[in-house]
Peer 1: 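Sharing a structure here in structure tokens format.
Since the model is a prediction, treat every value here as computed from it, not as a measurement.
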Amino acid sequence: MEKTVKRFLDVILEQATPLIASLNKGVSDTQIAVFEEEMGITLPSEVRKLYQTFNGQKEGENDVFFLNGLRFIPLEEIKRTQEHWLEQLESMPNWQSLRFDEEEAIDMCWDKVIKNQFYNPKWIPFLSNGARFMFIDLDPDEEGVIGQIGEIDLVLDSIEDSFMDLHHDSMEDWLEFLTDDIEKGIVYYDNEMHSLIEAVSYDEENDLPNIFAPTPDYVSEGGSNVYNYSEKDRSNFVLPDRTCVYMDEICDHFEKYIGKIDSVFHEIVSEYVHIDVHWIKPTPETPYNVLFTTGMSDYPMYLPEGLDDPNDYSHAELMVYLPADWPISDEAFKDDDNYWPVYFLKMIARFPHQYKTWMAEGHTIPNGPDAEPIANTDFGCILLMPPYLSAPQDFLKLHTKDGTIINFYCILPIYPEEMDLKLEEGVDELLSLFDEYQISEVIDIHRKNVAL
């Protein structure tokens with residue numbers, strides 16, 4: 001934790017200098033012991049270390065805030081802040097029975113991790129603006145961990161609009177991710193707001209760099225947004241500064257729902273993101289090969305403005321179902337007729353990071369501007385769809401430990417005429433024809449063209 005705190009202070013000294021001046025001198029072991037006795041708690045070691053380094057922020061007429069207008073609470077003010085939290089709730093009848101919507105808790109990945117209530121004396125607030133509280137959870141639910149970082153935003157005049165969120169498993173994780181985000185410009189110090197702010201939460205006067213996907217060039221008759229990309233849209237070459245962020249969780253997810261992973265094709269040199277391709281071999285119960293990526297979700301995609309729930313779409317990985325007799329090996333992949341599914345897995349996984357865009361259900365990617373034939377097939381395009389036919393519903397989205405939602409999309413090769421049909425009449429019409437002709441998610445290079 002000591003290195004984490006030092007790195008954070010070094011970064012804000014350079015990029016958020018006024019914030020440094022607002023920090024109080026750290027507290028002593030004795031002051032922490034007195035606080036713990038008064039509150040009837042034991043702070044996690046990394047929280048102690050943080051408060052020994054700096055004791056929250058000063059308060060004055062020229063306030064500097066810590067993050068998104070929230071002040072870092074000094075140790076001696078935490079009890080008073082907690083009492084204010086409780087007083088607000090006590091103004092409401094039957095506040096003890098208030099609960100957040102269970103489906104929302106599941107979607108936000110804190111169901112059974114944070115207890116579903118509006119107040120807990122073991123929730124220790126450390127950032128607040130009086131109605132919004134980030135807290136250290138010392139009384140987690142059955143699947144949570146002591147010291148995890150949660151957040152609650154109280155909307156007393158419309159209590160159903162209040163929300164709960166889970167941030168990280170510990171204060172150290174939270175501070176590390178915050179420091180990373182400052183270095184990348186995802187979080188930056190705003191001189192007018194006198195606070196670190198998250199770029200995605202601030203769009204006044206279009207002052208931010210573009211963090212959204214480009215607007216579509218046009219909308220097809222079937223309702224598809226159509227984007228045309230060229231070299232001028234391509235980002236500069238960059239080596240990824242993070243790899244395998246969710247690889248273990250993704251692999252565990254596939255082994256739980258799809259099958260045992262046999263091997264992995266590692267990428268040696270990576271551009272934008274590091275993409276590995278994992279292989280699940282056929283079994284009597286699942287007589288097909290499954291290849292899937294890890295690495296596409298190392299970074300969020302650039303989403304269009306106006307999505308209701310952007311966190312539901314920001315991360316993804318890809319997969320493909322291949323016949324049991326499809327040649328799969330380093331040697332076999334020297335032949336484009338065998339390698340093309342892997343090529344498209346990796347190309348499409350890299351594309352949103354390369355062109356600052358996004359990939360989601362129903363998106364189509366042509367093989368070049370003219371949808372040229374792919375290898376030894378007559379396919380000319382790739383359609384992305386969740387594997388509704390071949391995987392259980394619970395597989396389709398992975399809720400990671402840090403609250404990220406990763407969607408899994410299957411690549412389905414389609415004919416140029418099928419792509420035209422989708423653009424003219426919509427993806428539902430194409431999928432209806434797939435159902436009619438019993439087109440599965442397992443690639444069949446000789447299958448019927450349902451648009452003819």
Side-chain angles (χ1 to χ4, degrees), residues 229 254 258-259 261-284 286-296 316-352 354 359 363-387 389-391 408-422 430 433-434 437-452:
Y229 297 96
F254 268 86
I258 306 299
I261 298 167
D262 180 81
S263 56
V264 57
F265 297 94
H266 290 288
E267 189 167 66
I268 306 303
V269 179
S270 301
E271 185 180 6
Y272 302 100
V273 285
H274 177 87
I275 306 296
D276 288 330
V277 176
H278 304 256
W279 180 17
I280 298 174
K281 289 185 175 181
T283 67
T286 55
Y288 42 73
N289 295 285
V290 177
L291 300 177
F292 68 91
T293 64
T294 56
M296 182 181 180
E317 295 288 351
L318 305 178
M319 59 190 298
V320 64
Y321 291 88
L322 296 172
D325 60 355
W326 194 279
I328 297 178
S329 68
D330 287 327
E331 185 64 28
F333 286 161
K334 293 178 181 178
D335 185 340
D336 287 345
D337 292 349
N338 302 324
Y339 181 68
W340 67 263
V342 178
Y343 165 79
F344 278 102
L345 282 177
K346 299 180 77 167
M347 185 273 283
I348 297 171
R350 216 179 306 279
F351 195 90
Q354 191 173 13
M359 294 291 163
H363 285 197
T364 44
I365 303 92
N367 186 34
D370 300 319
E372 299 171 3
I374 297 172
N376 61 334
T377 78
D378 290 325
F379 299 129
C381 187
I382 300 294
L383 170 67
L384 298 185
M385 289 296 297
L389 301 179
S390 304
F408 297 102
Y409 301 119
C410 185
I411 66 169
L412 303 174
I414 61 175
Y415 297 101
E417 296 83 2
E418 292 174 338
M419 181 180 72
D420 292 340
L421 174 69
K422 179 250 184 181
L430 177 59
L433 290 171
F434 280 177
Y437 289 99
Q438 298 182 328
I439 306 299
S440 78
E441 289 153 349
V442 180
I443 289 178
D444 176 2
I445 65 172
H446 302 297
R447 73 165 176 83
K448 176 179 174 57
N449 185 335
V450 302
L452 297 180

Peer 1: Do the non-hydrogen side-chain atoms of Y321 and P387 ever get within less than 4.5 Å of each other?
Peer 2: yes
Peer 1: Testing the basics here: between P287 and P282, what is the closest heavy-atom pair and its distance to 0.1 Å?
Peer 2: C-CB, 4.0 Å
Peer 1: From the options I365, I414, I411, select the one residue that forms a side-chain contact (heavy atoms from CB on, under 4.5 Å) with L383.
Peer 2: I414
Peer 1: Is it the case that the side chains of K346 and T293 hold a donor-acceptor pair, with the cut-off being a distance below 3.5 Å and no angle test?
Peer 2: no
Peer 1: Go through the steps to decide whether V277 and V264 satisfy the test side chain to side chain contact (heavy atoms under 4.5 Å, CB included), and finish with yes or no.
Peer 2: CA-CA 6 Å; V277 176; V264 57; 6.0 Å; no
Peer 1: May I ask you to test the M359-M296 pair for a side-chain heavy-atom distance under 4.5 Å?
Peer 2: yes
Peer 1: What closest approach, in Å, do P323 and V442 show between heavy atoms, and which atom pair accounts for it?
Peer 2: N-CG1, 3.7 Å
Peer 1: Would you please name every residue forming a side-chain hydrogen bond (donor to acceptor under 3.5 Å, both in side chains) with E372, sequence neighbours left out?
Peer 2: none
Peer 1: Please confirm whether the backbone N or O of G295 pairs with a side-chain atom of E317, one donor and one acceptor, at under 3.5 Å?
Peer 2: yes
Peer 1: Say you draw a straight line from CG of L433 to CD of Q438; how long is it, rounded to the nearest 0.5 Å?
Peer 2: 13.0 Å
Peer 1: With sequence neighbours left out, what residues match F344 under ring pair (Phe, Tyr, Trp, His ring centres under 6.0 Å)?
Peer 2: none
Peer 1: State, yes or no, whether a side-chain contact exists between L291 and L345 at a heavy-atom distance under 4.5 Å.
Peer 2: yes
Peer 1: Taking the side chain as everything from C-beta on, heavy atoms only, tell me whether L384 gets closer than 4.5 Å to L318.
Peer 2: yes
Peer 1: Which atom pair, heavy atoms only, marks the closest approach of L322 to I443?
Peer 2: CD2-CD1, 3.8 Å
Peer 1: Starting at OG1 of T377, measure out to CH2 of W340 and round the result to the nearest 0.5 Å.
Peer 2: 5.5 Å
Peer 1: So do M347 and F351 actually touch side chain to side chain, heavy atoms under 4.5 Å?
Peer 2: yes
Peer 1: Do I374 and I382 come close enough that some side-chain heavy atom pair is under 4.5 Å?
Peer 2: yes
Peer 1: Test of understanding: with salt bridge (charged side-chain N to carboxylate O under 4.0 Å, His left out), list the residues that count as partners of D262, not counting sequence neighbours.
Peer 2: K281
Peer 1: Determine which pairs satisfy side chain to side chain donor-acceptor pair (under 3.5 Å) with at least one residue from residues 443-452, sequence neighbours left out, and list them in order.
Peer 2: E417-N449, E418-R447
Peer 1: Just so I know, are the side chains of S390 and Y288 near enough to count as touching, which here means a heavy-atom distance under 4.5 Å?
Peer 2: yes
Peer 1: Compute whether any side-chain donor of one residue and acceptor of the other, for D276 and H278, lie under 3.5 angstrom apart.
Peer 2: no
Peer 1: When rounded to the nearest 0.5 angstrom, what is the spacing between CE in M319 and OH in Y409?
Peer 2: 13.0 Å
Peer 1: According to ring pair (Phe, Tyr, Trp, His ring centres under 6.0 Å), who are the partners of F254, at least two apart in sequence or on a separate chain?
Peer 2: F292, F395, F408
Peer 1: To check you understand the geometry: which heavy-atom pair defines the closest contact between A349 and I275, and what is its length?
Peer 2: CB-CD1, 3.8 Å
Peer 1: Is W279 close to I261 at the side-chain level, that is, under 4.5 Å between some pair of heavy atoms?
Peer 2: no
Peer 1: Determine whether the side chains of N338 and W326 contain a donor N or O and an acceptor N or O closer than 3.5 Å.
Peer 2: no
Peer 1: Please find the pair of heavy atoms, one from C381 and one from T364, that lie closest to each other, and give the distance.
Peer 2: SG-CB, 3.7 Å
Peer 1: Please identify which of these residues, Y339, F333, Y343, meets the ring-ring contact (aromatic ring centres under 6.0 Å, His included) condition with F265.
Peer 2: F333
Peer 1: Check side-chain hydrogen bond (donor to acceptor under 3.5 Å, both in side chains) between T286 and all other residues, then give those that pass, not counting sequence neighbours.
Peer 2: T283
Peer 1: Please find the pair of heavy atoms, one from I328 and one from N289, that lie closest to each other, and give the distance.
Peer 2: CD1-CG, 3.5 Å
